[in-house]
Chemist: 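Take a look at this one; I'll ask things after.
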Amino acid sequence: KEIGLMRAHLNTLGIDDQQQFDAGLLARRSEEEEMRPRFRQRLMFPIYDVSNRCAGQGGRNLGPEEPKYLNSPESELYRKSSLLYGLYQALPALRSEGRVLVVEGYMDVIACHQAGFKNVVATLGTSLTARHAAVLRRSRGHRTASTSPPKPTRKKVSDTLGRTNASETAVNAMTPD
């Protein structure tokens with residue numbers, strides 16, 4: 001329950017408050033407010049890039065407070081419009097099977113991997129973007145998107161997938177409709 005433990009521990013490792021703030025581990029609402037841990041009372045998920053480098057964190061709230069999910073702030077390392085959760089782990093299956101299943105969240109990826117489906121990734125609280133599609137294309141996989149977005153964003157997912165080069169990659173979009 002001690003909210004200062006991470007901060008104090010990182011300080012002993014030589015990581016000062018400003019470095020923690022810059023990395024998105026600490027936050028504050030105003031310049032006058034004391035810095036506090038960004039990810040209090042959350043189940044944490046490290047987010048890796050395609051080269052298996054930790055680019056940020058995501059946290060699932062363990063209580064009733066909002067937001068339910070909270071990711072690292074946008075930075076040079078963490079860009080949610082181009083990162084996909086679980087991509088590094090999915091690469092061998094993606095390349096051998098030639099397809100990837102894009103699901104909604106971290107827990108969906110973990111559940112699929114535990115069930116033996118290794119070619120599964122998730123966006124990070126955003127619709128599938130053209131940047132995501134380019135990352136998947138470079139990973140040499142066909143794309144199958146499975147999402148449960150609200151109706152207004154289903155067209156956006158379809159439009160994004162439709163902008164990819166059909167001669168390079170087959171695209172199928174599945175929605176609950």
Side-chain angles (χ1 to χ4, degrees), residues 1-50 52-90 100-129 131-132 135 145-157 160 174-177:
K1 287 285 190 181
E2 174 56 49
I3 65 170
L5 287 178
M6 177 200 69
R7 181 181 187 179
H9 177 70
L10 291 175
N11 286 156
T12 66
L13 297 175
I15 302 169
D16 66 30
D17 286 354
Q18 188 59 49
Q19 290 171 306
Q20 292 179 54
F21 180 80
D22 293 343
L25 298 173
L26 296 179
R28 66 175 160 211
R29 293 185 188 135
S30 69
E31 288 295 320
E32 298 82 35
E33 187 179 272
E34 175 76 15
M35 289 188 207
R36 60 178 176 72
R38 177 183 301 275
F39 298 105
R40 290 186 320 272
Q41 297 184 348
R42 292 180 181 273
L43 178 61
M44 298 303 297
F45 299 87
I47 299 168
Y48 294 92
D49 67 13
V50 71
N52 202 29
R53 296 174 297 200
C54 188
Q57 283 90 184
R60 164 72 161 81
N61 198 336
L62 298 176
E65 296 83 21
E66 293 293 328
K68 185 176 178 181
Y69 287 94
L70 181 64
N71 291 329
S72 291
E74 290 283 318
S75 69
E76 288 192 33
L77 290 176
Y78 182 82
R79 301 220 186 276
K80 70 181 180 180
S81 63
S82 58
L83 287 169
L84 291 157
Y85 184 75
L87 180 60
Y88 180 79
Q89 294 79 3
V100 62
L101 180 65
V102 181
V103 295
E104 189 175 1
Y106 318 121
M107 296 302 288
D108 300 320
V109 171
I110 292 167
C112 288
H113 280 246
Q114 287 179 333
F117 299 97
K118 305 296 185 184
N119 61 332
V120 180
V121 300
T123 58
L124 300 166
T126 183
S127 297
L128 190 67
T129 67
R131 285 184 180 168
H132 290 130
V135 168
S146 174
T147 60
S148 298
K151 286 187 180 198
T153 46
R154 290 184 192 160
K155 181 171 180 359
K156 185 175 180 182
V157 169
T160 297
M174 298 184 302
T175 61
D177 290 334

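Note that the numbering runs from 1 along the sequence shown for the chain. Because only heavy atoms are used, hydrogens play no part in the values below, and waters and symmetry mates are left out as well, while side chains stay in.
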Chemist: Does the Asp16 side chain pair with the main chain of Gln20, one donor and one acceptor, at a distance under 3.5 Å?
Modeler: no

Chemist: CG/Asn119 to CG/Leu87 distance, rounded to the nearest 0.5 angstrom?
Modeler: 11.5 Å

Chemist: Can you list every pair that meets ring pair (Phe, Tyr, Trp, His ring centres under 6.0 Å) and has a residue in residues 5-46, with sequence neighbours left out?
Modeler: Phe45-Tyr106

Chemist: Restricting to salt bridge (charged side-chain N to carboxylate O under 4.0 Å, His left out), what partner residues turn up for Asp17, sequence neighbours left out?
Modeler: Arg7

Chemist: At what distance, to the nearest 0.5 angstrom, does CE of Met6 lie from CG of Asn11?
Modeler: 9.5 Å

Chemist: Does any N or O in the side chain of Ser82 come within less than 3.5 Å of the main-chain N or O of Arg131, such that one atom is a donor and the other an acceptor?
Modeler: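 No, the answer is negative, given that no donor and acceptor are paired below the 3.5 Å cut-off.
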
Chemist: As a quick check of understanding, evaluate side-chain contact (heavy atoms from CB on, under 4.5 Å) for His113 and Val120, giving each step before the final call.
Modeler: CA-CA 7 Å; His113 280 246; Val120 180; 4.3 Å; yes

Chemist: Assess the residue pair Leu70 and Asn61 against the criterion (side-chain contact (heavy atoms from CB on, under 4.5 Å)); give the C-alpha distance rounded to whole Å, side-chain angles, the decisive distance to 0.1 Å, and a yes or no.
Modeler: CA-CA 8 Å; Leu70 181 64; Asn61 198 336; over 6 Å; no

Chemist: Roughly how far, to the nearest 0.5 Å, is the CZ atom of Arg79 from the CD atom of Glu74?
Modeler: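 Atom-to-atom, Glu74:CD and Arg79:CZ are 6.5 Å apart.
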
Chemist: Return the minimal non-hydrogen interatomic distance between Met44 and Gly59, and the atom names on each side.
Modeler: SD-CA, 3.9 Å

Chemist: Find out whether Arg36 and Arg29 are in side-chain contact, i.e. whether some heavy atom of one side chain is under 4.5 Å from a heavy atom of the other.
Modeler: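 They are in side-chain contact.
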
Chemist: I'd like to know whether Val103 forms a side-chain contact (heavy atoms from CB on, under 4.5 Å) with Val121, so could you lay out the CA-CA distance, the side-chain angles of the two residues, the decisive distance to 0.1 Å, and finally the verdict.
Modeler: CA-CA 6 Å; Val103 295; Val121 300; over 6 Å; no

Chemist: Is the number of heavy atoms from other residues, nucleotides or ligands within 6.0 Å of OH (Tyr69) greater than 12?
Modeler: yes

Chemist: Among residues at least two apart in sequence or on other chains, which ones pass side-chain hydrogen bond (donor to acceptor under 3.5 Å, both in side chains) with Arg53?
Modeler: Asp49

Chemist: Measure across Arg60 and Lys68 and return the closest heavy-atom pair with its distance rounded to 0.1 Å.
Modeler: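 In terms of heavy atoms, the two residues are closest at NH2-CE, 3.1 Å.
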
Chemist: Looking at every heavy atom in both Leu83 and Leu77, which two are closest together, and how far apart are they?
Modeler: CD1-O, 4.0 Å

Chemist: Start with the C-alpha gap between Gln19 and Asp22, add the side-chain angles, then the distance that decides, and say whether side-chain contact (heavy atoms from CB on, under 4.5 Å) holds.
Modeler: CA-CA 5 Å; Gln19 290 171 306; Asp22 293 343; 5.5 Å; no

Chemist: In Å, rounded to the nearest 0.5 Å, how long is the span from CZ of Phe117 to CG of Leu101?
Modeler: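 One finds 9.0 Å between CZ of Phe117 and CG of Leu101.
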
Chemist: How close do Gln18 and Met35 get, counting heavy atoms only, and between which atoms?
Modeler: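 That would be OE1-CE, 4.1 Å.
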
Chemist: Could you pull out the closest heavy-atom pair between Asn71 and Leu124, with the gap in Å?
Modeler: ND2-O, 3.3 Å

Chemist: Looking only at atom types and distance, does a side-chain atom of His132 sit under 3.5 Å from a main-chain N or O of Ala122, one as donor and one as acceptor?
Modeler: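 No: the side chain of His132 does not pair with the backbone of Ala122.
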
Chemist: What is the minimum heavy-atom distance between Pro67 and Arg42, and which atoms define it?
Modeler: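 Shortest heavy-atom contact: O-NH2, 3.0 Å.
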
